[in-house]
Amino acid sequence: MCDNDTTNIPLEVDENNSEGSFESIHKPASGNCWGKGIIADFKKTVGTYWKAEMTNPNQKTAAVSFFLFFACIAPAITFGAIYAKATHNYIGAVEMILATAWCGIFYAIFGGQPMMINGGTGPVLAFTEVLYKLSISLDVPFLTFNAWIGMWVAFYMLLAAFFDLNKVIVYATRFTDEIFSFLIATIFIINALANPFAPIGVFYYFRKDHTSHDPYEEQPGYSYMATALLSLILCLGTVQLSFLLRKFKFSPFFPNQTIRNVITDFAVVASIFIMSIVAYVLGSTVPTEKLNVPDRFAPTYACCTSACTTNWPEECPDLSAPDGYRSWVVDMSDLNGKTWVPFMAAGPAVLAFVLVFLDDGITWHLINHPAHKLTHGDAYNYDTIIIGIMVAVNSILGLPWLVAATVRSLNHVHAMAEKDQSGKILSVQETRLTHLGIHVLCLIAIFALDVLKLIPVPVLYGVFLFMGLVSLGTNQFWGRILMFVMQPSKYPIEPYTKYVEPLRMHIFTILQLSLFGLLYAVKSIKSISIAFPIVIAACIPIRLYILPRIFTLEELVMLDSDDGTIKRYLEYKRKGEAQAQKLIDAEVEKDAPNNDDVEKQDPDAIPPGRKYKRQKSTSCPVDMFSTHVAPDITSYHPRFELRGSALELRSSSMAGDLADTFTTHHDCDTEDIDVAEAEDKLAPLPSSPKAGTRQRPRRTKTMSCPTPHMLFEEANRQMASNYFFG
């Protein structure tokens, strides 16, 4: 488990292909076992950048804190309400808000990767519901059973960090990251519009029996269709206004860049306030759904008696008020006489550990993608310890477990990034202040619950939709899905479109779509949702051992690697091709005959498959300009004439006494020359140009490889015709 050498990942390539030695998969660093990785992570993150990350406030940190506060508080309340139904009020909205607040503050101060945002997720919620049903079947108090499983999960997290189990996550490539990121972004988008498995989403307002219409049914003139239409406008208006305001940074409007930056940074916050004002202006005639926030800060489970074994008001409707509320600290010894439960809890805790470990690890891997330009390093092993501590504390307090929230974390990175006009990240301000500010606001919200009731739910649906679309827009997987309906010649210029055949690219995308569909089905079906982490984990070996049997190394590099790896591969390939060419040239040079023997070669005696090598002549034969040119010649237009076995240069106008000077005969081997073709190519030039003009003689095609004699005569013609010399 803790060998210093990294595990070699087999790459299925042709053994004769020099590409086979290229490592397309990042290997984890060695020597991080036995707790060394925890210490190394702490030194390179907290120990190096903590002070800088805590002392870099600016306008952007304030804007992002408010934006992500709404993005965190809304799902906390929503998840809390679902937890209350799933656990019979043992865990509810107050517990979820409290867990979000204290875990966020703790992680902002002590965590190793401050760009990560913790929160509740659907898979953890589904697992908690399974644990509740299991505790009922075992006749064990749910909070006690949940606490023991949480303690085991924390112990497993400690072991995973100590033995550097996070190196498995390093093998997760873009293939796995994109599937998981696409799944979480899709969940946000579907929950904002219409969840097919639950009555959540803005389009459910168009159903008359939706629970949001119940408080207003008796109100005179109430129309559920008007409410539904206004809710849809508020949702889509929040999204559209957020995207519109974000573009002001690169627009020409407003006096200076400072104002444009402020508008861009506060785009989402401003959209929430503007659309909330619209809702309240029209709210007197068309009411909309508001957040269902608890009336007071107290545990959700209200007791019928002092023993607190029954829940008010469901099990004691005759009581006008509860006798009290459950204790904030769980009694770990309340096992109903079943002392074996703490040991039995180690089994289900393994599945819970896999879920928490992979959910955190893949999100960290996504955040630290090279495209995000983060420079403060990762802290997988150290943060595994931090998450384990938070799980243990939440279990003892009866709070839900929080893990890395993918969409919120990615939106945190993008909100703190500086981008060019095309949307490419140039740099990211890595800070702990936004993380701290978000969760301090969540803590304050616990004591101002009445204020949260003023936020219209359709506006928050718009925030969820905005966050999902932002995450989706940066996903290469989504871009390749869109190419199914694109004209191939209009594909964007990317490595996977330039170097990979469209059919092969679509096959890769279809494989990802299949795994995505499987993940979504497993997550949505409650009876099998506990297997969700297993399906996520299976994506890694599928990529490492199955895809190399389907795709070539070059295809996998272009489809499943970051920009840096692609550049290294292209450079590696270029060097390999250059080296191969050198070897070929050396082999040819080795087999080549001496120059002295070239002219003696008989072309008919050359073996089949080998070219006859012609001897190259010098480009400038000796004495080619040695012939004396008569100074009194003013007009001379020579021509070549092929007569018998000699090439003859003649002038159309020249003095008779100079005829011998410029008429030369050279013996030339014309055995292989077509006389008719040569005469056609060497046609005479016009005898004289038009009067008053200096016309350049028409150039005629000659043989592709002239002899030194021909070059000599051509030079004489050029000089005599004053072509170059005025």
Side-chain angles (χ1 to χ4, degrees), residues 76-102 120 124-151 198-199 211-212 214-215 290-342 344-345 348 391-402 443 445-450 452-453 526:
I77 295 172
T78 304
F79 272 111
I82 301 174
Y83 264 104
K85 295 179 181 178
T87 63
H88 200 59
N89 289 328
Y90 280 110
I91 297 176
V94 173
E95 286 83 358
M96 177 59 78
I97 297 173
L98 179 61
T100 301
W102 95 261
V124 175
L125 171 60
F127 188 85
T128 304
E129 186 174 1
V130 172
L131 290 184
Y132 176 76
K133 294 178 180 178
L134 185 58
S135 68
I136 296 299
S137 63
L138 295 174
D139 193 21
V140 178
F142 164 69
L143 290 179
T144 303
F145 185 56
N146 182 76
W148 278 110
I149 290 181
M151 299 305 292
T211 55
S212 64
D214 294 343
K290 304 299 187 296
L291 274 177
N292 185 17
V293 182
D295 295 328
R296 60 191 300 273
F297 176 65
T300 305
Y301 194 89
C303 307
C304 293
T305 63
S306 58
C308 203
T309 55
T310 54
N311 185 30
W312 179 87
E314 285 82 1
E315 297 177 88
C316 50
D318 297 336
L319 293 179
S320 59
D323 185 80
Y325 296 89
R326 74 163 179 90
S327 172
W328 278 112
V329 179
V330 176
D331 185 0
M332 302 286 289
S333 62
D334 185 14
L335 300 172
N336 201 17
K338 298 177 175 61
T339 56
W340 47 267
V341 167
M344 173 266 180
V391 168
V393 173
N394 285 1
S395 300
I396 295 174
L397 297 178
L399 305 179
W401 304 334
L402 302 186
L443 183 63
I446 294 176
F447 305 99
L449 296 175
D450 291 338
L452 296 178
K453 294 180 181 181
K526 292 184 178 181

Examine distances only and state if a side-chain atom of N394 and a backbone atom of P400 form a donor-acceptor pair shorter than 3.5 Å.
yes

Could you tell me how the ring of W328 sits relative to the ring of F297: parallel (under 30°), tilted (30 to 60°) or perpendicular (over 60°)?
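Ring orientation of W328 relative to F297: parallel.
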
Heavy-atom pair of closest approach, residues Y301 and T310:
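So the two residues come closest at OH-C, 3.1 Å.
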
Work out which heavy atom in T300 is nearest to a heavy atom in V94; give both atom names and the distance.
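Looking at all heavy atoms of both residues, the closest pair is OG1-N, 4.2 Å.
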
Counterpart residues, side-chain contact (heavy atoms from CB on, under 4.5 Å), relative to [X] (two or more places apart):
X    : answer
A298 : R296, Y325
M344 : L134, L138, F145, W340, P348
D318 : none

Of all pairs that satisfy salt bridge (Lys or Arg N to Asp or Glu O under 4.0 Å), the ones with a partner from residues 76-85, not counting sequence neighbours
none

Identify, with sequence neighbours excluded, every residue that meets ring-ring contact (aromatic ring centres under 6.0 Å, His included) alongside W102.
F106

Applying salt bridge (charged side-chain N to carboxylate O under 4.0 Å, His left out), can you list everything that pairs with D450, at least two apart in sequence or on another chain?
K453

Does any non-hydrogen side-chain atom of I91 lie less than 4.5 Å from one of L399?
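Of all side-chain heavy-atom pairs linking I91 with L399, none is under 4.5 Å.
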
Kindly indicate whether the side chain of E95, heavy atoms from C-beta on, has any atom under 4.5 Å from the side chain of L397.
no

